[in-house]
Structure formats: C-alpha cells, structure tokens
Peer 1: 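Handing you a structure now.
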Amino acid sequence: MPKVIITTDNKTIDVPSGYAMIDMCEDHDTSILFGCRDGACGACMIRVLEGSDNLSPMKDDERDFLETMAAEPNERLACQCVVHGDVKVEVSD
C-alpha cells in the first residue's frame with residue numbers, strides 16, 4: 001500500500017494505489033487546502049520532494065496553470081494528483 005508523507009504535517013498516510021490525493025486530504029486532517037477542486041485556483045499547490053513518478057502524469061490543463069503561476073518544476077496541484085506509489089510532499093509557500 002503506497003505511503004504519502006506530508007512533511008508539513010509530519011504525517012504519513014497509507015492509501016490504496018489509484019487513490020486521489022484530494023480524497024486522501026478529505027479523509028485525513030492535512031494542511032493541504034482546496035478551493036475550486038478543478039485545478040484553476042492554486043490553493044492546493046504542493047511541492048513533491050520524492051516519488052513524483054508515483055503520481056498520475058500531469059495533464060495539459062494543470063501544466064498550463066502551473067506555468068501561469070510560475071511554479072517550480074517539482075510543484076503540482078494536489079487536486080489533480082492520483083497516488084500510485086510512495087510519495088513525499090510539502091505544502092508550497
């Protein structure tokens with residue numbers, strides 16, 4: 001079972017493979033915030049510290065939005081991520 005480590009919260013959460021990160025955050029008390037839930041507001045921006053290959057591939061809409069936000073290469077929108085393996089993240093500044 002994949003583990004999601006949220007360093008901001010000092011928390012490790014076991015999730016089934018294919019679990020949406022937004023659902024994980026709703027089911028567990030995390031500091032990752034959500035606004036629009038569609039990848040259009042940036043409230044849920046996270047920095048992937050390890051395991052980026054274990055998240056669902058970035059779609060064009062997310063990539064375009066992150067470019068407009070001048071996001072770092074390791075930043076993603078949690079509402080757009082599905083977990084397929086171990087990953088370590090933190091809330092972006």
Side-chain angles (χ1 to χ4, degrees):
M1 186 171 282
K3 295 184 183 317
V4 177
I5 300 168
I6 304 172
T7 61
T8 311
D9 298 338
N10 195 28
K11 193 177 271 196
T12 300
I13 302 168
D14 293 323
V15 299
S17 183
Y19 199 58
M21 193 168 280
I22 193 170
D23 294 334
M24 178 202 70
C25 293
E26 288 179 348
D27 294 343
H28 302 274
D29 187 27
T30 73
S31 61
I32 300 171
L33 303 176
F34 296 91
C36 68
R37 300 171 179 266
D38 283 329
C41 74
C44 65
M45 194 176 301
I46 55 172
R47 186 171 295 112
V48 182
L49 304 173
E50 294 175 15
S52 61
D53 291 343
N54 293 327
L55 294 175
S56 54
M58 191 180 301
K59 294 181 181 170
D60 291 339
D61 288 345
E62 180 184 5
R63 183 175 290 104
D64 293 344
F65 180 79
L66 290 172
E67 284 177 11
T68 65
M69 296 289 293
E72 298 294 323
N74 65 337
E75 290 181 312
R76 294 283 310 264
L77 298 174
C79 70
Q80 302 298 299
C81 294
V82 174
V83 179
H84 296 292
D86 294 351
V87 64
K88 182 188 283 188
V89 301
E90 67 183 7
V91 175
S92 291
D93 301 349

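Here, residue 1 is the first one in the sequence, and each next residue gets the next number. None of the values given here were measured: they were computed from a predicted structure.
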Peer 1: Check whether any side-chain heavy atom of M24 lies under 4.5 Å from a side-chain heavy atom of I6, and answer yes or no.
Peer 2: yes
Peer 1: Identify the two heavy atoms, one from C79 and one from G39, that lie closest to each other, and give their separation to 0.1 Å.
Peer 2: SG-N, 3.3 Å
Peer 1: Atom CD of E67 and atom CG of D64: how far apart are they, to the nearest 0.5 Å?
Peer 2: 6.0 Å
Peer 1: Is there a chain of hydrophobic side chains (I, L, V, M, F, W, Y, each step under 4.5 Å between heavy atoms) that links V15 to V82?
Peer 2: no
Peer 1: Can you tell me how far apart OH (Y19) and NE2 (H84) are? Round to the nearest 0.5 Å.
Peer 2: 14.0 Å
Peer 1: Is any side-chain N of the basic residue among E72 and R47 closer than 4.0 Å to the acidic one's carboxylate O?
Peer 2: no
Peer 1: Determine the minimum heavy-atom distance between G35 and A43, stating which atoms define it.
Peer 2: N-CB, 3.8 Å
Peer 1: Is it possible for you to say whether F65 and F34 belong to one hydrophobic cluster, with membership spreading through side-chain heavy-atom contacts below 4.5 Å?
Peer 2: no
Peer 1: If the test is side-chain hydrogen bond (donor to acceptor under 3.5 Å, both in side chains), which one of D14, N54, T12 qualifies with K3?
Peer 2: D14
Peer 1: With a sphere of 6.0 Å drawn around NZ of K59, does it hold more than 12 non-hydrogen atoms of other residues, nucleotides or ligands?
Peer 2: no
Peer 1: Atom CG of L55 and atom CZ of R76: how far apart are they, to the nearest 0.5 Å?
Peer 2: 5.5 Å
Peer 1: Honestly curious: do I46 and M58 fall in one hydrophobic cluster under the side-chain, below-4.5 Å linking rule?
Peer 2: no
Peer 1: Between atom CG of D86 and atom OG of S17, what is the distance when rounded to the nearest 0.5 Å?
Peer 2: 10.5 Å
Peer 1: Would you give the length of the straight line joining atom CE of M21 to atom CG of L77, rounded to the nearest 0.5 angstrom?
Peer 2: 11.5 Å
Peer 1: Contact between I5 and T7 at the side-chain level, heavy atoms closer than 4.5 Å - yes or no?
Peer 2: yes
Peer 1: At their closest point, which heavy atom of S56 faces which heavy atom of Q80, and how far apart are they?
Peer 2: OG-O, 3.4 Å
Peer 1: Would you say the side chain of T30 lies within less than 4.5 Å of the side chain of I13, judging by non-hydrogen atoms?
Peer 2: yes
Peer 1: Give the C-alpha distance, both sets of side-chain angles, the deciding distance and a yes or no for side-chain contact (heavy atoms from CB on, under 4.5 Å) between V87 and V48.
Peer 2: CA-CA 7 Å; V87 64; V48 182; 3.9 Å; yes
Peer 1: Does any non-hydrogen side-chain atom of M45 lie less than 4.5 Å from one of I32?
Peer 2: no
Peer 1: First locate atom CG of N10, then atom CD of E90, and finally report the distance between them rounded to the nearest 0.5 Å.
Peer 2: 12.5 Å
Peer 1: Any chance the side chains of D9 and S31 put a donor and an acceptor closer than 3.5 Å?
Peer 2: yes
